[in-house]
Protein chains: 6
Amino acid sequence: MLSVAVRRIERAEPELIAGLKELGAATVHEAQGRTGLVAAELSPIVPGATMGGSAVTALCPSGDNWMLHVAIELMQPGDVLVVATTSPCDDGYFGGILAEYIKLRGGVGAVVDAGVRDVRELREQGFPVWSRRVSAQGTVKETVGAVNVPVICAGQRVVPGDIVLGDDDGVVVVPRLKAATVLTNARLRLEKENAIRAKLREGGHTLDLLNLRDKLAQKGLRYIDGPVSWDAKENL
Amino acid sequence: MLSVAVRRIERAEPELIAGLKELGAATVHEAQGRTGLVAAELSPIVPGATMGGSAVTALCPSGDNWMLHVAIELMQPGDVLVVATTSPCDDGYFGGILAEYIKLRGGVGAVVDAGVRDVRELREQGFPVWSRRVSAQGTVKETVGAVNVPVICAGQRVVPGDIVLGDDDGVVVVPRLKAATVLTNARLRLEKENAIRAKLREGGHTLDLLNLRDKLAQKGLRYIDGPVSWDAKENL
Amino acid sequence: MLSVAVRRIERAEPELIAGLKELGAATVHEAQGRTGLVAAELSPIVPGATMGGSAVTALCPSGDNWMLHVAIELMQPGDVLVVATTSPCDDGYFGGILAEYIKLRGGVGAVVDAGVRDVRELREQGFPVWSRRVSAQGTVKETVGAVNVPVICAGQRVVPGDIVLGDDDGVVVVPRLKAATVLTNARLRLEKENAIRAKLREGGHTLDLLNLRDKLAQKGLRYIDGPVSWDAKENL
Amino acid sequence: MLSVAVRRIERAEPELIAGLKELGAATVHEAQGRTGLVAAELSPIVPGATMGGSAVTALCPSGDNWMLHVAIELMQPGDVLVVATTSPCDDGYFGGILAEYIKLRGGVGAVVDAGVRDVRELREQGFPVWSRRVSAQGTVKETVGAVNVPVICAGQRVVPGDIVLGDDDGVVVVPRLKAATVLTNARLRLEKENAIRAKLREGGHTLDLLNLRDKLAQKGLRYIDGPVSWDAKENL
Amino acid sequence: MLSVAVRRIERAEPELIAGLKELGAATVHEAQGRTGLVAAELSPIVPGATMGGSAVTALCPSGDNWMLHVAIELMQPGDVLVVATTSPCDDGYFGGILAEYIKLRGGVGAVVDAGVRDVRELREQGFPVWSRRVSAQGTVKETVGAVNVPVICAGQRVVPGDIVLGDDDGVVVVPRLKAATVLTNARLRLEKENAIRAKLREGGHTLDLLNLRDKLAQKGLRYIDGPVSWDAKENL
Amino acid sequence: MLSVAVRRIERAEPELIAGLKELGAATVHEAQGRTGLVAAELSPIVPGATMGGSAVTALCPSGDNWMLHVAIELMQPGDVLVVATTSPCDDGYFGGILAEYIKLRGGVGAVVDAGVRDVRELREQGFPVWSRRVSAQGTVKETVGAVNVPVICAGQRVVPGDIVLGDDDGVVVVPRLKAATVLTNARLRLEKENAIRAKLREGGHTLDLLNLRDKLAQKGLRYIDGPVSWDAKENL
């Protein structure tokens, strides 16, 4: 592994980040072609919290959270800490003190592909954090990793400076240079969804609104009136 | 697979459904001889929400939620959408628009043996839904499955029109034709439990109330006074 | 298995228990040398609930909760029920009636290396319980196990009378005879953490406060200024 | 649960069973419309063993294998024992003695949605068995279940007398009354596959043989020559 | 954690170890009252290999195999290395060089509650090893743990000097001072099993041999002749 | 997602590939700084098979193996097929016909972050393949993905043309441009390991050979002679 800590990274424009954050993880994921989703094994530790910021990354060995300290020192206002490990580990890499340290640096959240602890404090602070597990298990500071290098976090590649969004649906990563395009697409998608909702409220059906009736027949779905007595005709 | 969508199904009487819903999943599961429980891998997405209704079923391929659209159009007031997949898949088959669509149809909840998304909206709506996972991952509409056929949802068979109950303890399925008997049994069970609670509050012990003292001795449990120094006598 | 139920056990002093409870699971786990943590697979069923007490243990076969009834009868004010199984099982060993029974005995919580049910009632009561799973699945009372013998609960050995602490971070076990020492250490640790927090608020960095800068260099971490174009130099 | 043991069941014709067994689980699964597959969590304990027979079912509580003894007594030559549990359990329900007992009854294999033991003996005997786990953990004989009732085994419904096929790819269930049709379909499928293989050996490509080239373009796949320098153009 | 390495431990008599090894894990587990089984998550890396010896234990942090080196130096002929971690970790703690080192010390096998690597070499050597995972992931040597202290290995407590047995069914631990009793019980059990097998071969049934017919009726199993048309009478 | 299929990719020199393959996954993983390891959830389907080649990648939706057909057509002699999915899926994406098709193209193996089937045929062919699961479940050909783009396969990034190595220890990816350096390092590592083995055979100890004795003391490991009676002094 390349044991470096990169001090400066390029970040996305705050307006783009704010716009994407407002649209939410699911819509943005769709809008960039169903890419960028961090694996659903990571879940929100503080329900209802939302977050959007630029990724500062830390790559750590099993059971060793040293690089988080190096990374947080390099964080700037608006940043999100993204923690990956070199092999799977559920130990408690992150907790109340580091959350406070991030906030003091101006950071806005954390994504930890490992465990976190001090959950009560994190909830009281409303600090947005996603992790694989809650675990009180402590970690050491013995082996260096890397900071601000590209990492794989829960199956998703994160390059330092990428936009990281999180809400109750999960975490999505948007490459910095794609942010403007994705934002445009996401707003279009939201409009379409709103139009569909409006039509549904007027009594419409999604099969019509999405133009799926003919395709249903072509693909072979056959409507039958029923009721069917499945007891007697299961092998219909 | 039989690619059919059955338009009409037979439903249970609303009074039976309401009565069972009030008693809750755990009591009803016991009352029908410890059968009907959907696997505990499905958990409530909206804590505290409860639900009871008639099953409208959708059977879907991996990563394809097309059949949900077909199924919801066929739902009637009081129905519950039950989603099964032909192989395990955690993608987000269900979210805010479909929840609203179900409510517009008069439906009362959903059980999804896969993933769901738009969790914040589902919670704001208080829409009762149980699923295997929260995932923002989108699905396609390319391959037909079946609607209103018997399905296996998280290890439990659900026939269209079966009564589906959900609360914080999980989801239980009651076959339509057994509902009256199960309701009677469940009410008896609740009475017994309440009687036990009353006796406990008077200082009773469950071993007496359940008549288990003699059986304990017969099966070989030996009381010893202690304290035992496990350090010295672990191999007692 | 030794099929005994031990009536009397030695308990720790209430002041020690109260002191440890106040410090919380993560701090106590650290203070006793990162030992005593029950596996993170057990999670709190009632978020925000905390607990500290003396362990009364029950060892049960798969799908059989009989020994819980034997154990609860032997509980005294301030005790915690600790349930282990002889092989992995997620059935619902514990629910509302047993929680009420424990409270009537003066007990303060439960740790169940299996499933629990009646979650709504447990939450309404604010009864502290940690378990592997929520499951409505019922259990039988056919096979004896043991009560108040040492057990392995989610990978952690618990001797009857050990102090068991639980909060949102998990469950920690403190051997009775170590409690005073651990309490002293834990308070020292908390002081150190508070000192670090104070320094951070003044603008300090953990790498300085923990004296890790030189060691970073010795272990080979190299700072570079950046920004790095990872597109061009990923093999830096 | 219905606590019955049904002595007589209807079985499929041996010629149909033999024909299906020869074609194997994957081909038969495809031939009946991608249905009937037992979940892949069950794996072969004796690599290379294959099996086809009529299902005799046993439904058992957690940690209790009593019903296997009831079921095996009712087995006839050519039968397969199918074991389901009322809740998930990995204990060792099945081992060398029961395998020998099945063989003495003329049975040809077992599918156990739980654990098995005596693996060395099972391998020496070449006894075909699929299970969720290898576990030496013993079970009790205290609670009745049911024999020769429909069960859900690893997510698949099995009705007594259904045809159960097993090989290194897994286990497939064919409803008795569908067996003739499925066999015909499966043979057709095998012929098609063999035709494709023959064409491939002559230098053909599956995209042509399956007529997928036009559809590729319609669905939007774009060929580009490359090589692409992903370092420079990842956001292509 | 107590960071000690204990040089001398008490070991069981080789005759007892040899006797237990011959009987195998499943029989010995039963013979000591269904206790002592290491969790089935550990599986044999070298199929068919068997092992029996005295436990030399190593307790290691996540991703750090330093203590294995300390432990192996202290091994004597006939010993088994037992590796536990302070929190779950699947990294490759053990491989070909350490296996050879153990053999040079006279050791007879290893049980690793973590990952192992160099599988091909281990198989060529026929070196008996059980582990949670195969993983090529390397470990560090930075943090001390403990050697020859009691550990929890895959849910089972192992005291240094305990007898550890392994075969295709898993790993069982026999406390040193119980070995003679367990061996006697295990031989009796084997005799009983052999007697049952002999009776089965003469046409007997286990329900008679285990004297379970009356109990079946008492517990409420009802035989019906059948065949039942489950299509029509599922709610029998 | 970028729906492209890239026809031409740059490949590593065959000599480098052959050299790395000979050294094996574990040694190469160490030699490139403990990077490049595909997650241990993928396991070899054909025990003993080994493989080394240039990656041709396919990125597929859940339950859809269309892109494998596009990818294999583009394979050249010496290539390895690497399959990733856009969300987790265990369906059987790959089997006997595709293995034969790969061999006809000159390909040398496959890494499938999903399921495979036709295991018996794969073993008879000795075709090297690693996968997450064996599953007979079929897939569709409805939704395009991408071919020869960078993918994340079981947590590891693979760029087309990277060297992919597989053996019983797992799968390791070596970036094309690093191959020469890694090969040199790996050979040095092997020499060192062989030197250590030679010294061990002469009676040496790894603590000396790795120069770890002083560090042990510094880090606080304390040797005690023993034997310790853990019954009496567990809290030593």
Side-chain angles (χ1 to χ4, degrees), chain E residues 1-11 45 47 63 66-70 72-74 90-92 95-98 100-105 115-124 132-150 157 159-162 177, chain F residues 24-31 33-44 47-50 165 167-172 193-194 196-197 200-213 215-231 233-236:
Chain E
M1 185 172 34
L2 186 67
S3 293
V4 296
V6 179
R7 285 203 178 87
R8 287 189 304 140
I9 61 172
E10 292 182 282
R11 291 169 171 84
I45 300 307
W66 198 359
M67 289 304 106
L68 276 69
H69 297 262
V70 175
I72 297 171
E73 187 180 28
L74 301 178
D90 285 346
D91 292 350
I97 291 180
L98 292 183
E100 184 168 358
Y101 189 18
I102 286 181
K103 290 175 79 169
L104 289 164
R105 305 293 306 149
V116 303
R117 57 186 188 178
D118 302 332
V119 166
R120 174 194 286 245
E121 181 181 347
L122 296 172
R123 289 188 181 146
E124 286 170 357
R132 189 174 285 277
R133 178 76 78 177
V134 170
S135 171
Q137 177 68 40
T139 52
V140 299
K141 287 158 193 63
E142 293 289 352
T143 308
V144 293
V147 168
N148 276 336
V149 300
R157 191 178 191 233
V159 175
D162 278 354
L177 298 178
Chain F
T27 296
V28 171
H29 157 71
E30 291 283 353
R34 296 189 175 164
T35 63
L37 189 62
V38 168
E41 280 81 14
L42 298 206
S43 57
T50 64
L165 309 169
D167 60 25
D168 285 332
D169 285 348
V171 174
V172 170
E193 285 191 357
N194 286 339
I196 288 173
R197 285 175 188 261
L200 287 176
R201 286 167 195 155
E202 293 164 10
H205 288 291
T206 52
L207 291 180
D208 301 313
L209 300 172
L210 301 172
N211 203 21
L212 290 168
R213 294 234 188 254
K215 192 173 165 188
L216 262 189
Q218 287 164 20
K219 293 278 184 145
L221 187 78
R222 185 160 54 92
Y223 278 90
I224 58 181
D225 268 355
V228 176
S229 165
W230 291 106
D231 292 343
K233 297 191 182 172
E234 187 155 3
N235 298 327
L236 190 74

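Every chain is numbered from 1 and lettered A, B, ... according to where its sequence line falls, protein lines coming before strand lines.
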With a 4.5 Å heavy-atom cut-off, do [X] and [Y] have their side chains touching?
X: I72(E); Y: T206(F); result: no
X: H69(E); Y: H205(F); result: no
X: L221(F); Y: V4(E); result: no
X: T143(E); Y: K219(F); result: no
X: L37(F); Y: S135(E); result: yes

Please report the shortest heavy-atom distance between [X] and [Y], naming the atom on each side.
X: L2(E); Y: R222(F); value: CD1-NH2, 4.5 Å
X: V6(E); Y: W230(F); value: CG2-CZ2, 4.1 Å
X: P47(F); Y: R123(E); value: CB-NH1, 4.4 Å
X: I9(E); Y: P227(F); value: CA-CB, 4.1 Å

> Hey, what do you get for CD (E193(F)) to CD1 (I97(E)), rounding to the nearest 0.5 Å?
Replying inline: 4.0 Å

> What distance do R34(F) atom CZ and D91(E) atom CG have between them, rounded to the nearest 0.5 Å?
Replying inline: 8.5 Å

> Picking from M67(E), E142(E), K103(E), R105(E), which has the most non-hydrogen pairs under 4.5 angstrom with chain F?
Replying inline: E142(E)

Is a side-chain N or O of [X] found less than 3.5 angstrom from the main chain of [Y], in a donor-acceptor match?
X: R120(E); Y: G48(F); value: yes
X: R197(F); Y: Y101(E); value: no
X: K141(E); Y: L212(F); value: no

Contacting region of [X] [heavy-atom separation from chain F under 4.5 Å]:
X: E121(E); value: side chain
X: V147(E); value: neither
X: V70(E); value: both
X: D118(E); value: both
X: E100(E); value: side chain

> Quick one: do R117(E) and D169(F) make a salt bridge, cutoff under 4.0 Å?
Replying inline: no

> When you measure from the centre of the six-membered ring of W66(E), is the NZ or CZ of K215(F) under 6.0 Å away and within 45° of the axis?
Replying inline: yes

>> I'd like to know which of L200(F), D225(F), D168(F) tops the heavy-atom pair count under 4.5 Å against chain E.
In response: D225(F)

> Where on R213(F) is there a heavy atom nearer than 4.5 Å to chain E: the side chain, the backbone, both, or neither?
Replying inline: side chain

> Side chain, backbone, both or neither: which part of L210(F) has a non-hydrogen atom closer than 4.5 Å to chain E?
Replying inline: side chain

